[in-house]
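Let me begin by presenting the structure, written as structure tokens, before commenting on it.
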Amino acid sequence: MKVLLVTGKLAYPILVEALKDVKGVDVDISVMDVPVAALMDVHYIAERLKGVRGYDVIVLPGLVFGDGGIIEKRTGIPTVKGTEEAWDIGLVLDALKHGVRLSPREPADKFLDKGESKAILSEIEEKSVYAFKEQNVKIPLRPPPFKIFLEMGDKQSQEDLLRVKEFVDVIVIGFPVGHDDKDEVRRKIREALELGKPIGIDSDSPSELIEGVRSGASFVFNLNEMNLEKLANIKNNATFVVAPFEVENRGEVTISIVNKARELGFSKLIADPVLSPPLKGFVDSLSQYTKVTSQLKDVPIMMGILNFTELIDADSVGVNASMVAIAGEIGASCLLTMDKGKTRWSSWETREASRMISVAMRRSKLPKDVGFDLFVLKDKRRLPREPKRGYEVSRNEPIMDSGFARIYLTNDDIAIEWRGKGGEIILHGKEALSLGRQLLRELEKRNVKVSQEHALYIGYELAKAEVALSIDKNYIQDKPILRRIPSEENRDT
């Protein structure tokens, strides 16, 4: 098979790199005189491919505007759209080799593994085995799929709940050990119910757990050997997460509590042998999970992955992905996470990880190239880099002129304050480029000229602030926002 790939200038080196792994296809690349695919349309390409012969198929970038059939009419060669990402060209060529029909109008993502992933998730939700249903949440007996429970601390606000509710299935309102305030329990449960999500309650007080259920909570954390009989009077009003109070032989104790609960008439149970933190029995606790899953084959399992993510000083993205993969292997379909401080956005990370692992499990493949990923700070592949040229520039200080700009982050956007000639100007927004432009326009209205060096500095700092906002990092003006990968200059820091 002989294929002609059409691309723009910026994607060309990506295609060259990606094609190094492609075998069994004869490929040529036609580079259009535009930087990116989104600036091309099919009429422009058809005109420039006039007279092209000798190819079995022409593959356009997925983002090209228009119907590739126009090019096919002009050249006589079948024309289809590839993927939106140039790195995925290998998937396109592999599909063509195996006779997959791609479209001249729709990007290939819709027909390849990446596009199929959402359909696979829908199929998983529809056809998996569920232990029972609580409110509108179907609890899987074993993964996939996964259901995500979010534990909210007693100091977290309604605003925090609004930020994350779309990523989770159940919101769990937690109260600290020794807490004894039924009025607060009622208030917090009712406030949380306004979000339209099923609510759980986590307390060491049996009376608070009972009050929580009476106030509308439908999941109880935790049923254990200490409170089993005290909670029997609400056994038919909620789902109970069984987690032992005893620290030794937690697997056996969990199994024993589940059996006793069933004898007392509890029907909706989720077993949680309790995950130990890293370096504090983590590996042994995994063996307790396998013991429970092997003996309680008809009981869904919960894993509190927050016990690992919260207790290791590492970025939560990769940790959450790893923990969901472990839960998938063990058979824990319910995941308890936390979303605050260094674990902020763990709800979203856990959801994306659960999608990735679910598709991989259903397709019996590694969680790689399945259509979902958690690359936030790193790219999967590195573009070729230009060799050094010109002369090296060392650090130099900016020349300040008509005033100074203070840049900082608010709760949800970027703020810039100008003080100096022209008086005070305060702006805020989410886009660094728009903020910079507006500041310059405001200064121009006041006949204030900012030097090119100063404008460059403001733009640079605004861009840093936007990156920090987008990845939920702190931003301090004139300080780096990312820790650099070790180099000769900072290898020991």
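- Side chain of E461 to backbone of I407: no donor-acceptor contact under 3.5 angstrom is found.
- At a threshold of 4.5 Å between non-hydrogen side-chain atoms, the residues L19 and L5 count as touching.
- Once rounded to the nearest 0.5 Å, the distance linking CZ of F149 with CG of D272 reads 10.5 Å.
- Judged by distance alone, with hydrogens and angles left aside, the side-chain atoms of S122 form a donor-acceptor pair with the main-chain N or O of K118 at under 3.5 Å.
- Closest approach of G200 to V170, counting heavy atoms only: N-CG1, 4.0 Å.
- Between I270 and I301, the closest heavy-atom pair is CG2-C, 4.0 Å.
- A donor-acceptor contact closer than 3.5 angstrom links the side chains of N320 and T309.
- For R355 and E352, the salt-bridge test passes: some basic side-chain N is under 4.0 Å from an acidic carboxylate O.
- Listed here is the closest heavy atom pair of S276 and F282: O-CD1, 3.4 Å.
- The shortest non-hydrogen separation linking D315 to L377 is OD2-CD1, 4.2 Å.
- To the nearest 0.5 Å, atom CZ of residue R344 and atom CE of residue M338 are 14.5 Å apart.
- Looking at heavy atoms from C-beta onward, V80 lies out of side-chain contact with L60 at the 4.5 angstrom threshold.
- Ion pairing of K430 with D413 is absent here, as no side-chain N (NZ or NE/NH1/NH2) approaches a carboxylate O to less than 4.0 Å.
- Judged purely by distance below 3.5 Å, without hydrogens or angles, the side chains of S434 and E431 pair a donor atom with an acceptor atom.
- Salt bridge absent: E466 and K464 never bring a charged side-chain N and a carboxylate O closer than 4.0 Å.
- A 4.5 Å side-chain heavy-atom check between T75 and K50 finds every atom pair outside the cut-off.
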* Asked: Would L335 and M302 count as a side chain to side chain contact (heavy atoms under 4.5 Å, CB included) if you check the C-alpha gap in whole Å, the side-chain angles of each, and the deciding distance to 0.1 Å?
  -> CA-CA 6 Å; L335 306 171; M302 174 170 285; over 6 Å; no
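- Figure legend: R163 and W348 shown without cation-pi pairing, the cationic atom not lying both under 6.0 angstrom from the six-membered ring centre and within 45 degrees of its axis.
- Taking OG from S402 and NZ from K449, the interatomic distance works out to 10.5 Å, rounded to the nearest 0.5 Å.
- Distance alone, capped at 3.5 Å, places no donor-acceptor pair between the T350 side chain and the S347 backbone.
- At least one donor-acceptor pair under 3.5 Å links the side chain of S333 to the backbone N or O of P140.
- Salt bridge annotation for R74-E47: present, with a cationic side-chain nitrogen under 4.0 angstrom from a carboxylate oxygen.
- Between M303 and I330, some side-chain heavy-atom pair lies under the 4.5 Å cut-off.
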* Test side chain to side chain contact (heavy atoms under 4.5 Å, CB included) on F146 and M361 and set out the steps. => CA-CA 11 Å; F146 296 88; M361 291 179 73; 4.2 Å; yes
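- In this pair, H454 and W418 present their aromatic rings tilted. The plane angle is within the 30 to 60° band.
- More than 12 heavy atoms of other residues, nucleotides or ligands lie within 6.0 Å of CD1 in I312, so this atom counts as buried by the packing criterion.
- For the atom pair N307 CG and L275 CG, the distance stands at 5.5 Å (nearest 0.5 Å).
- Within 6.0 Å of CD on E444 lie no more than 12 heavy atoms contributed by other residues, nucleotides or ligands.
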* Take I326 and L286 through the test side chain to side chain contact (heavy atoms under 4.5 Å, CB included) and record every step on the way to the result. => CA-CA 9 Å; I326 290 170; L286 295 180; 3.8 Å; yes
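- Other residues, nucleotides and ligands place no more than 12 heavy atoms under 6.0 Å from the CD atom of E329.
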* To do: Kindly indicate, with the supporting measurements, whether the criterion salt bridge (Lys or Arg N to Asp or Glu O under 4.0 Å) is fulfilled by R105 and D67.
  => CA-CA 5 Å; R105 293 173 294 278; D67 186 345; 3.7 Å; yes
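- Atoms CG and CD, on D339 and E310 in that order, are 11.5 Å from each other to the nearest 0.5 Å.
- Among all heavy-atom pairs drawn from T7 and A11, the shortest one is OG1-CB, 3.3 Å.
- A 6.0 Å sphere centred on CG of N474 holds no more than 12 heavy atoms belonging to other residues, nucleotides or ligands.
- Salt bridge present: E125 and K147 bring a charged side-chain N and a carboxylate O closer than 4.0 Å.
- We find that K9 and D33 are joined by a salt bridge, their nearest charged nitrogen and carboxylate oxygen being less than 4.0 Å apart.
- In this structure, the side chain of D401 does not engage the main chain of V450 through any donor-acceptor pair within 3.5 Å.
- Under the 3.5 Å distance criterion, the side-chain polar atoms of K197 are matched with a main-chain donor or acceptor of V168.
- Under the 4.5 Å side-chain criterion, counting only non-hydrogen atoms from C-beta, P107 is not in contact with L63.
- Here the side chain of K97 pairs a donor or acceptor atom with the backbone of K23 at under 3.5 angstrom.
- In terms of modelled atom types and a separation under 3.5 Å, the side chain of T79 and the main chain of I77 share a donor-acceptor contact.
- Residues R142 and T293 meet the side-chain proximity criterion, which asks for heavy atoms closer than 4.5 Å.
- The side-chain tip of R406 points at the ring of Y408 from less than 6.0 angstrom away and within 45° of straight on.
- Among all heavy-atom pairs drawn from V137 and P198, the shortest one is CG2-CG, 3.5 Å.
- One finds the SG atom of C334 at 10.5 Å from the CD1 atom of I148 (value rounded to the nearest 0.5 Å).
- Between the side chains of Y55 and D26, not a single donor N or O lies within less than 3.5 Å of an accepting N or O.
- No side-chain heavy atom of R437 sits under 4.5 Å from any side-chain heavy atom of L440.
- Heavy atoms from other residues, nucleotides or ligands lying under 6.0 Å from OH of Y475 number more than 12.
- S117 places a side-chain N or O within donor-acceptor distance of the main-chain N or O of V370, the cut-off being under 3.5 Å.
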* Check the pair I416, H428 against side chain to side chain contact (heavy atoms under 4.5 Å, CB included), reporting the backbone distance first and the verdict last. => CA-CA 6 Å; I416 180 168; H428 66 90; over 6 Å; no
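- Residues L96 and D56 fail the side-chain proximity criterion, which asks for heavy atoms closer than 4.5 Å.
- Side-chain atoms of E151 and T337 include no donor-acceptor pair closer than 3.5 Å.
- Between K342 and D313 there is a salt bridge, since at least one side-chain N of the basic residue sits less than 4.0 Å from a carboxylate O of the acidic one.
- Within 6.0 Å of the CG atom in L279, the count of heavy atoms belonging to other residues, nucleotides or ligands does not exceed 12.
- The closest donor-acceptor contact from the side chain of D41 to the backbone of H43 lies under 3.5 Å.
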